[in-house]
Amino acid sequence: MKKFFNTIMIVAAVSLTGCDWLDINPESGLDEAEVFTIWDNYKSYFDYVYNGGSTNIKLGYPAYLDTWNLRFTWAALTDMADCGRLVRAQNIKAGTLGANVSAFTTDQSRRPISYSMFKVIRICNKAIANIDRVQNIPTEKDKEDILGQAYFIRAYAHFVLCRYFGGMPYLKDALEADDDWDLPRLSSHDTYLLCAEDFEEAYVHLKAAGKVRRDAAPGEPGHLNSPDIAKPNGAAAKAMKARALLYAASPLSNQNGQQDWENAAVACAEALKIALENSYDLLPLGSWKNNFISSKYTNEQLWAWDMGSAKNNSAAYSCIYPYAISNYSNASGDCPTQNFVDRFETIYGEPLMTESDREAAIEEGHYVEQNPYNDRDPRLNLTVLHDGSVVSGCKTGVNFYYDPDQKLYPGTTIKGASAARMFGNEWGSDNNKGLTNTGYFVNKWWDGNYNTSYNRSDPLIRLAELYLNYAEAVNEAYGPDGTAGGLELTAVQAVNKLRFRVGMPDVLDRFTGDKNSFRERIRNERIVELAFEGHHYYLDIRRWKIAPQTMTQTLMGMYVEKVPVSEEYPIGRRFERRAIPSNRQSTWKDAMYYLPFPVEETNKMKNFVNNPIW
């Protein structure tokens with residue numbers, strides 16, 4: 001009986017690829033003996049996981065998913081941001097997935113995550129099973145290297161499936177069409193544990209191959225310039241093992257309470273220790289954005305995808321950049337909410353998330369409601385484009401404000417543009433273009449100019465995340481002042497490392513007295529540091545099980561109006577918090593923890609229990 005995995009995996013790996021290296025049968029002129037006994041053929045077969053058309057491991061790379069098909073980013077599926085163009089994102093975040101089920105599973109014109117992951121899993125399994133048949137492997141290190149890659153990619157593909165779809169059967173054999181495919185699902189906890197085992201196995205092989213990092217250390221020839229730097233390395237394997245165990249310990253998956261957190265803490269300590277021993281380091285504040293733009297790779301990235309160079313007004317990035325920059329008819333643009341902007345503390349370390357938080361900061365003279373972006377965490381200006389933002393192509397500041405005298409939103413002159421570009425927008429007035437309904441756009445991925453070319457880089461895992469993962473796991477296992485794995489680094493100190501590099505003070509003492517208080521500061525630090533990258537926020541609010549709260553709060557924006565300078569309005573602007581339009585609000589139902597598979601596919605398997613349809 002042909003079943004679900006037969007449909008989306010064997011078909012994916014054989015019939016639809018159009019690639020001879022996967023179509024191993026006599027009619028194609030290739031047989032297994034020819035493919036798996038000759039090193040060059042074997043490598044060509046395996047390398048399909050990286051470069052196989054549009055359905056390879058990149059479908060597990062967050063930035064690839066965000067820029068593929070041009071409609072929305074995953075941040076716009078949360079309370080963090082609104083999608084400028086009113087299309088799929090608002091329906092999904094309102095709890096109506098609809099036809100997008102197949103877009104995330106089997107529809108190759110969209111984002112077929114499961115289709116692609118099952119395909120690369122099969123390739124990895126075939127490569128692992130047949131490695132000893134290869135007769136002319138150049139060196140033992142070459143063998144160890146490709147085995148390390150195969151175990152890593154197999155683990156990563158299962159990890160991607162688990163975090164979007166929930167627990168899966170863990171496939172370690174290259175099953176054929178006639179094999180028994182009717183496999184029961186594992187829990188997400190057990191799936192993550194098996195991922196961690198594979199990542200550890202990958203580390204063992206990659207270390208033996210001398211590939212704990214693939215480039216030279218800082219200051220040495222070849223630093224950030226190895227020809228195979230894009231492939232997984234040993235440091236990334238340890239980091240991904242730690243991330244998998246962190247997910248397993250999180251409230252959505254935890255099965256063993258404290259023990260799961262202790263296991264995660266030890267793994268996070270090991271990953272952090274190996275990264276530091278191999279000279280990975282945090283970039284200084286002035287280079288922070290190099291992790292995302294203007295560089296192919298950085299020394300903060302343990303593993304990254306070089307997205308290549310393209311103009312910032314190209315269609316490929318219209319889901320991130322505002323219509324004012326992309327000038328593309330289907331531009332969407334990520335528009336951060338005020339809810340998210342409020343997560344950036346004052347430069348004195350005070351939170352601003354609630355009205356009482358803001359009142360306390362006002363009382364201290366550290367926050368002014370009518371000059372809200374002054375004296376804030378420096379990452380606010382690096383991450384969010386707001387009224388008055390100074391960027392490289394506009395030293396006078398970007399305009400979002402409404403001018404009541406002229407009865408219009410003034411344009412902004414941006415270097416490279418032949419005419420003023422429109423960033424401001426009448427509240428809720430246009431649903432067809434990427435105009436803001438929050439008063440904000442994303443700055444993190446923009447160079448500040450118009451029609452310029454520069455490189456983008458997707459930091460699949462970077463050192464900053466390792467510090468945050470360590471802090472979270474150690475805090476849950478041992479409290480704010482706890483340590484793990486022999487590191488002389490407390491959970492509090494790990495968070496303060498990130499704050500110090502951007503010029504922020506240590507976490508205030510009133511938040512470090514117990515794990516519950518400090519948990520909220522760790523989470524806030526993570527949200528601010530990792531915003532609009534890695535799908536972290538979409539996944540974090542789910543694994544923490546706080547999505548029912550965050551997704552049902554009223555989503556707010558900031559309306560800005562030009563007024564005369566006065567004591568009340570010190571910069572000549574009136575700032576007013578407003579709820580964004582009702583058709584852009586979010587909701588929550590527990591079915592939204594995971595994406596479902598198409599019903600017609602799961603009905604083919606009697607033991608595969610589908611996720612609830614929403």
Side-chain angles (χ1 to χ4, degrees), residues 4-5 8-9 59-60 62 65 74 77-78 97 101 104-105 113-118 120-121 152-172 182-200 239-265 267-268 461 465 469 472-473 476-477 523 526 534-548 550-551 588-598 601-602 605 607-614:
F4 174 58
F5 288 112
I8 67 174
M9 191 161 131
L59 266 291
L65 289 169
W74 290 59
L77 305 182
T78 72
L97 191 59
V101 172
F104 297 128
T105 53
I113 303 170
S114 63
Y115 179 98
S116 303
M117 295 307 102
F118 283 121
V120 300
I121 288 169
F152 185 105
I153 295 297
R154 183 173 80 178
Y156 185 76
H158 279 101
F159 178 80
V160 169
L161 287 168
C162 191
R163 68 180 190 164
Y164 293 115
F165 297 97
M168 288 286 153
Y170 205 91
L171 305 176
K172 294 187 176 182
D182 205 358
L183 303 172
R185 298 186 72 170
L186 301 175
S187 67
S188 59
H189 176 273
D190 290 348
T191 304
Y192 288 134
L193 262 56
L194 289 170
C195 290
E197 289 181 9
D198 263 358
F199 283 126
E200 178 63 26
M240 285 301 306
K241 173 187 175 181
R243 187 198 280 179
L245 291 178
L246 183 78
Y247 272 60
S250 299
L252 185 60
S253 300
N254 190 303
Q255 290 184 0
N256 300 308
Q258 176 81 359
Q259 187 60 56
D260 279 343
W261 284 116
E262 291 180 5
N263 293 342
C268 288
I461 190 160
E465 186 194 337
N469 292 350
E472 181 179 345
E476 296 297 335
R523 290 179 176 180
R526 184 180 183 91
H535 295 177
H536 287 294
Y537 186 68
Y538 173 91
L539 296 157
D540 285 346
I541 62 175
R542 285 162 168 77
R543 69 179 179 88
W544 294 332
K545 298 187 74 171
I546 65 170
T550 65
M551 293 290 284
W588 183 257
K589 40 189 165 184
D590 286 347
M592 295 167 71
Y593 277 117
Y594 294 116
L595 297 172
F597 291 98
E601 298 294 345
T602 53
M605 290 196 71
N607 286 328
F608 190 91
V609 179
N610 197 12
N611 300 327
I613 304 297
W614 50 281

Quick one: does any side-chain atom of Thr191 pair with a main-chain N or O of Gly167 as donor and acceptor, under 3.5 Å?
no
Nearest-0.5 Å distance, CD1 of residue Ile461 to CG of residue Asn469:
6.5 Å
Which atom pair, heavy atoms only, marks the closest approach of Ala155 to Asp198?
CB-CB, 3.4 Å
Indicate yes or no: at least one non-hydrogen side-chain atom of Lys172 is less than 4.5 angstrom from one of Arg154.
yes
So, taking the atom named CG in Asp190 and the one named CE in Met168, what distance separates them when rounded to the nearest 0.5 Å?
14.0 Å
Would you give the length of the straight line joining atom CG of Leu595 to atom CG of Leu97, rounded to the nearest 0.5 angstrom?
6.0 Å
Distance-minimising heavy-atom pair for Pro596 and Pro612
CB-O, 3.7 Å
Do side-chain atoms of Tyr247 reach the backbone of Cys162 as a donor and acceptor pair under 3.5 angstrom?
no
Which atom of Ser187 lies closest to which atom of Gln255, heavy atoms considered:
OG-NE2, 2.9 Å
Flag side-chain contact, heavy atom, 4.5 Å: Thr78 against Thr550:
no
Rounded to the nearest 0.5 Å, what's the gap from CG on Asp540 to CZ on Arg163? Could you check?
9.0 Å
Checking Arg243 now: which residues fulfil salt bridge (charged side-chain N to carboxylate O under 4.0 Å, His left out) with it, not counting sequence neighbours?
Glu465
Any side-chain heavy atom of Met117 sitting closer than 4.5 Å to one from Tyr164?
no
Pairing residues for Trp588 by the ring pair (Phe, Tyr, Trp, His ring centres under 6.0 Å) criterion, not counting sequence neighbours
Tyr593
Judged by atom type as modelled, is there a donor-acceptor pair below 3.5 Å linking the side chain of His535 to the main-chain atoms of Pro62?
yes
Within a strict 4.5 Å, meaning less than it, do heavy atoms of the Leu193 and Leu245 side chains meet?
yes
Checking Asp260 now: which residues fulfil salt bridge (charged side-chain N to carboxylate O under 4.0 Å, His left out) with it, not counting sequence neighbours?
none
Flag, side chain of Ser250 to backbone of Leu246, donor-acceptor distance under 3.5 Å
yes
Tightest non-hydrogen contact, residues Ser253 and Ser188, listed as OG-OG, 2.7 Å
So do the side chains of His158 and Ile121 get within less than 4.5 Å of each other, counting heavy atoms only?
yes
Parallel, tilted or perpendicular: which one describes the rings of Tyr192 and Phe159, with boundaries at 30° and 60°?
tilted
With the side chain counted from C-beta on, respond yes when Tyr115 and Leu59 share a heavy-atom pair under 4.5 Å apart, and no when they do not.
no
Working to the nearest 0.5 angstrom, can you tell me the gap between Asn256 CG and Trp261 CH2?
13.0 Å
Aromatic contact, Phe199 with Phe152 (centres under 6.0 Å)
yes
With a 3.5 Å distance limit and no angle check, can you tell me whether Arg542 reaches the backbone of Leu252 through a side-chain donor-acceptor pair?
no
Determine whether a donor-acceptor pair (N or O, by modelled atom type, separation under 3.5 Å) exists between the side chain of Glu476 and the backbone of Gln258.
no
ring-ring contact (aromatic ring centres under 6.0 Å, His included) partner of Phe165, the single match among Phe597, Phe118, Tyr594, Phe608:
Phe597
